[in-house]
Amino acid sequence: MEAFSSKDMAMKAQKKILSHMASKSMVHMFIDDNSSEILDELYRVSKEHTGNRNEAQKVVKNMIKIAVKVGVLFRHEKFSPEEMSLAQDFRKKLHNGAMTAISFQEMCFWTFLVYIHSHKESFNTLTVEFTFDKNVMTGQLTECRDLLLKLVEKHLTPKSLDRIRHVFNHYSDPELLTHLYDSKGTLCANLTKICSGLNRMIEEKKL
């Protein structure tokens with residue numbers, strides 16, 4: 001099995017970033033075990049979809065760097081009241097996006113079970129086009145991207161802003177989303193784990 005751990009990558013990234021942006025006492029995990037499990041699954045999704053291990057690692061590494069840098073800005077209270085309002089809007093949008101992702105996954109799963117129970121002879125004709133709308137997901141992720149860019153544009157470098165665009169553009173790709181929500185595809189198990197992790201984050205009020 002490939003030795004890839006988003007948790008290890010997160011620790012390395014935050015040590016490097018915090019050595020420049022914060023005191024040594026603040027070096028700790030911004031990304032918990034549940035979040036790292038979600039990131040690991042997102043890495044596997046990217047690797048499977050693109051067939052490119054380096055690209056998959058790059059997009060997850062960029063996601064971790066963004067999370068750590070934004071976390072540092074919050075910890076040091078660098079955002080103005082107006083920016084904090086934007087941060088709340090971003091969090092709400094991210095929450096709604098997670099709820100949409102979970103809802104589509106559940107609908108896809110139950111449609112799959114009902115279909116194979118009723119149409120065992122015609123399994124290969126199964127489609128989920130009535131339960132998954134890639135345009136909804138793409139739109140929500142794009143809105144999240146734009147809100148986050150607006151929130152941090154005065155605080156982060158152009159290179160960091162490009163990382164944000166890279167991450168959101170990658171996961172809002174309609175072809176990737178269609179692959180991810182294909183009931184007969186290779187990513188069903190990954191999607192289930194991602195949505196389980198998102199559910200835990202929502203229950204713990206972290207999302």
Side-chain angles (χ1 to χ4, degrees), residues 4-43 45-46 55-102 137-173 194-195 197-207:
F4 175 82
S5 170
S6 63
K7 192 172 184 179
D8 290 343
M9 188 179 287
M11 179 62 78
K12 291 176 183 177
Q14 67 188 31
K15 281 182 177 179
K16 183 177 180 180
I17 293 167
L18 290 173
S19 67
H20 297 288
M21 298 179 66
S23 65
K24 293 294 179 69
S25 64
M26 283 189 61
V27 178
H28 67 284
M29 292 301 297
F30 278 91
I31 299 174
D32 60 20
D33 289 343
N34 183 51
S35 298
S36 67
E37 289 172 8
I38 294 173
L39 288 169
D40 286 344
E41 294 305 321
L42 288 171
Y43 163 76
V45 165
S46 296
E55 172 62 15
Q57 288 192 352
K58 182 178 179 181
V59 73
V60 171
K61 188 173 182 179
N62 281 345
M63 196 183 312
I64 290 168
K65 286 182 177 180
I66 293 164
V68 173
K69 288 187 177 184
V70 173
V72 169
L73 291 171
F74 270 110
R75 292 271 180 174
H76 285 269
E77 300 181 349
K78 297 296 184 180
F79 294 123
S80 67
E82 293 78 13
E83 288 170 335
M84 287 302 297
S85 179
L86 276 175
Q88 289 300 317
D89 290 342
F90 172 73
R91 182 168 184 173
K92 289 176 184 176
K93 186 65 67 176
L94 204 59
H95 175 88
N96 291 340
M99 293 294 290
T100 299
I102 293 166
M137 291 287 295
T138 296
Q140 288 183 323
L141 286 168
T142 299
E143 289 174 359
C144 286
R145 178 200 66 196
D146 293 344
L147 278 171
L148 183 57
L149 286 170
K150 191 172 182 181
L151 171 64
V152 301
E153 63 183 355
K154 296 179 181 178
H155 303 279
L156 300 183
T157 65
K159 187 174 182 178
S160 291
L161 299 181
D162 283 341
R163 289 193 180 107
I164 292 173
R165 295 184 185 97
H166 177 224
V167 169
F168 280 96
N169 291 349
H170 179 82
Y171 288 110
S172 64
D173 174 33
I194 289 168
C195 289
L198 291 175
N199 254 324
R200 284 194 292 273
M201 291 184 73
I202 291 170
E203 289 171 359
E204 296 169 2
K205 302 188 184 303
K206 294 179 179 179
L207 186 62

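Numbers for residues simply follow the sequence, beginning at 1.
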Pairwise distance CG(Leu207) to CG(Leu198) - rounded to 0.5 angstrom: 6.5 Å
For the CD atom of Gln88 and the NE2 atom of His95, what is their distance to the nearest 0.5 Å? 12.5 Å
Inspect the contact between Arg165 and Asp162 and indicate whether a charged nitrogen and a carboxylate oxygen are less than 4.0 angstrom apart. yes
Do the side chains of Met84 and Phe74 get nearer than 4.5 Å, heavy atoms only? yes
CD1 of Ile194 to CD of Glu37: how many Å apart, nearest 0.5 Å? 12.0 Å
About how many Å separate OG of Ser160 and CD1 of Ile164, when rounded to the nearest 0.5 Å? 7.0 Å
Please tell me if the side chains of Val59 and Tyr171 come closer than 4.5 Å, counting only heavy atoms from C-beta onward. yes
Provide the closest heavy-atom pair for Cys195 versus Ala101 in the form atom of the first, atom of the second, distance. SG-O, 3.8 Å
Over all atoms of both residues, closest heavy-atom pair of Phe90 and Leu148: CE1-CB, 3.7 Å
Which atom of Leu161 lies closest to which atom of Leu149, heavy atoms considered: O-CD2, 3.7 Å
Would a 4.5 Å heavy-atom cut-off, applied to side chains only, mark Leu147 and Leu151 as touching? no
Minimum-distance pair of heavy atoms, taken over all atoms of Ser172 and Thr138: O-OG1, 3.0 Å
Heavy-atom nearest pair, Ile38 first then Gly197, reads CD1-C, 3.5 Å
Separation between CG of Leu86 and CG of Asp146, rounded to the nearest 0.5 Å: 11.5 Å
Measure the shortest side-chain to side-chain distance between His166 and Glu55 over non-hydrogen atoms and say whether it is less than 4.5 angstrom. yes
Gap between atom CG of Asn34 and atom CD of Glu204 - 0.5 Å precision: 6.0 Å
Got Lys65 and Lys159 here, is their nearest side-chain heavy-atom distance under 4.5 Å? no
Flag side-chain contact, heavy atom, 4.5 Å: Leu156 against Leu73: yes
Under the side-chain contact (heavy atoms from CB on, under 4.5 Å) criterion, do Lys69 and His155 qualify, and how do the steps go? CA-CA 10 Å; Lys69 288 187 177 184; His155 303 279; over 6 Å; no
Quick one, Met201 and Ser35 - any side-chain contact, counting heavy atoms below 4.5 Å? yes
